[in-house]
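Take a look at the structure below.
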Amino acid sequence: MLKKIFIAIVAAVIFTLPASAKESTWQPEIKIGILGGVNSVELQFSAPCVMVDAATNKTLKKIPANKIFSVTLKDFESDSVEIRGEKVLLKDLICSINGKKYFGGVRLDKKFDSFVVINIAAVEEYLRGVVPEEMSVSFYPEALKAQAVAARSFTLKNRKRHEAEGYDLCATNHCQFYGGVDSVDNFSDVIIKLTRGEVLTYNEKIVDTNFHTDSGGMTESVAEVWGTTAPHLQPVEDFEKNTQAWKLEFSIVDFSSRFGDNFGTLKQIKLSPLKVGKSDTDRSTSGRVKFAQIISTKRNLQLTGNELRSKFSLPSTLFDIKISGDKVIFEGYGRGHGVGMSQYGANAYAKSGWDYEKILKHYYTGTTLKKLY
């Protein structure tokens, strides 16, 4: 009920603003890879559209509204085509790709003996399909605002991340989850409107705004996770420590088998005890595992925390390992890579009364909130 009241009040304010106070209609476009390596695709558009040659902008054909039609490889009249609204703006167009609805238009790029299907969307509409996928809409409004700004900043900073494939971002967690029209939520829609065009900057440049589910008590330096340097992505203490506790057990036989036939049987694991926010030679400033010594009957290995996380599908690298009888037990905290904003931490801060700008500046050191459009 409170959420409905919030939506109603904010919507009333937004839509009764004088014309001079309303936002400009311009916004950037983003290209999202939806399908690759296909030989046919079924499309539909909510308004009359035109198909144009992407290189020359020459009109190839007109497409009526709401008509389902297929495009196959043999139908290609050029290497790349784009389908956009004939008279409506990109933000007001809905496309259907193999029955799933997305915002905006479509681009088809021929790649040898197949083609790539790309959704061309206005950024604010794209975010409508991202924010509710990346953060629970049950979270506090200020946390969701922080998520909207982080998602927008990540989007604009990482344009051309998949340039080699012909688009900007993918629709998976490699970039950001994008569910299209089916993901739309009224509450997050209001949140996105309230933060329209806002991004985080450092020295006047839009920054990477990585985020994760829960830090477990302290975030991680980007250098420890991906080996890159970014002054705004440094370890910071989270709302509270030892959150999102988890435990996973493996038999010694199963554990040993993950390392191949030449590994033998596990004998010993060397790793200093976990203390959140305390470093050691084998742990980072936040306490996450930098490396662990794995000793077997045949080999001695040194694996990074990320390698162990990947090999055993661990929720995070903030963990302890111990051998107990015939089992190997992982116990840890947090979920995700730990870089940037902790979503559960952001929600806890929002609950305590922090606004979204304070939340963002806490997780992204030295940044400034800026309105681009």
Side-chain angles (χ1 to χ4, degrees), residues 10 14 21-32 90-91 103-104 119-135 139-163 167-171 173-178 183 187-212 219 222 226 228-234 236 337 339-343 345-347 349-350 354-373:
V10 174
I14 291 173
K22 290 186 179 180
E23 308 286 354
S24 65
T25 57
W26 180 87
Q27 57 175 295
E29 294 181 5
I30 195 81
K31 293 185 289 185
I32 313 104
L90 192 66
K91 72 180 186 67
F103 301 99
N119 176 209
I120 310 171
V123 166
E124 298 301 310
E125 271 55 54
Y126 163 69
L127 292 176
R128 295 175 67 193
V130 169
V131 174
E133 289 285 340
E134 292 288 359
M135 178 177 276
F139 278 19
Y140 282 80
E142 295 302 311
L144 281 160
K145 288 181 188 177
Q147 180 65 62
V149 173
R152 185 182 295 107
S153 303
F154 182 91
T155 299
L156 295 176
K157 172 64 177 178
N158 287 282
R159 293 174 83 173
K160 297 187 178 181
R161 194 181 200 191
H162 285 273
E163 185 175 19
Y167 48 89
D168 294 307
L169 301 173
C170 65
N173 67 341
H174 176 260
C175 295
Q176 297 180 121
F177 281 114
Y178 171 54
S183 298
F187 186 48
S188 60
D189 269 3
V190 170
I191 293 296
I192 293 164
K193 286 182 183 294
L194 288 172
T195 65
R196 176 185 167 87
E198 292 183 347
V199 296
L200 275 187
T201 63
Y202 188 95
N203 288 340
E204 298 298 318
K205 295 182 179 179
I206 301 173
V207 293
D208 255 330
T209 43
N210 304 97
F211 48 87
H212 57 281
T219 67
V222 68
W226 295 304
T228 56
T229 302
H232 68 289
L233 293 174
Q234 301 301 320
V236 297
H337 49 64
V339 177
M341 184 175 71
S342 160
Q343 293 171 316
N347 194 48
Y349 281 126
W354 285 22
D355 65 20
Y356 72 107
E357 185 171 2
K358 186 174 182 180
I359 293 170
L360 289 166
K361 289 184 175 181
H362 173 70
Y363 287 111
Y364 305 106
T365 307
T367 57
T368 301
L369 186 65
K370 181 178 180 179
K371 190 172 180 65
L372 285 186
Y373 54 89

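Bear in mind that the values here come from a model prediction, so they are computed numbers and not experimental data.
With respect to Lys370 and Glu204, a salt bridge is recorded, a charged nitrogen being found less than 4.0 Å from a carboxylate O.
Proximity of Leu369 to Leu360: side-chain heavy atoms (C-beta onward) are separated by under 4.5 Å at one or more points. Phe154 has its side chain within reach of Asp208: a pair of non-hydrogen atoms, C-beta onward, lies under 4.5 Å apart. Between Met341 and Thr209, every side-chain heavy-atom pair lies at or beyond the 4.5 Å cut-off. No side-chain heavy atom of Tyr364 sits under 4.5 Å from any side-chain heavy atom of Val207. Within the 4.5 Å cutoff, the side chain of Glu198 has no heavy atoms near those of the Lys145 side chain.
Residues forming a ring pair (Phe, Tyr, Trp, His ring centres under 6.0 Å) with His212 (at least two apart in sequence, or on another chain): His337. Partners of Tyr126 by ring pair (Phe, Tyr, Trp, His ring centres under 6.0 Å), not counting sequence neighbours, listed by chain and number: Tyr178.
A side-chain donor from one of Ser183 and Glu133 sits under 3.5 Å from a side-chain acceptor of the other. For Gln176 and Glu134, the side-chain atoms include no donor-acceptor pair closer than 3.5 Å.
To the nearest 0.5 Å, atoms OH (Tyr140) and CD1 (Ile359) are separated by 12.0 Å.
Considering all non-hydrogen atoms of both residues, Lys91 and Ala122 come closest at CB-CB, 4.1 Å.
Residue pairs meeting the salt bridge (charged side-chain N to carboxylate O under 4.0 Å, His left out) criterion with at least one partner in residues 356-366, sequence neighbours excluded, are Glu357-Lys361.
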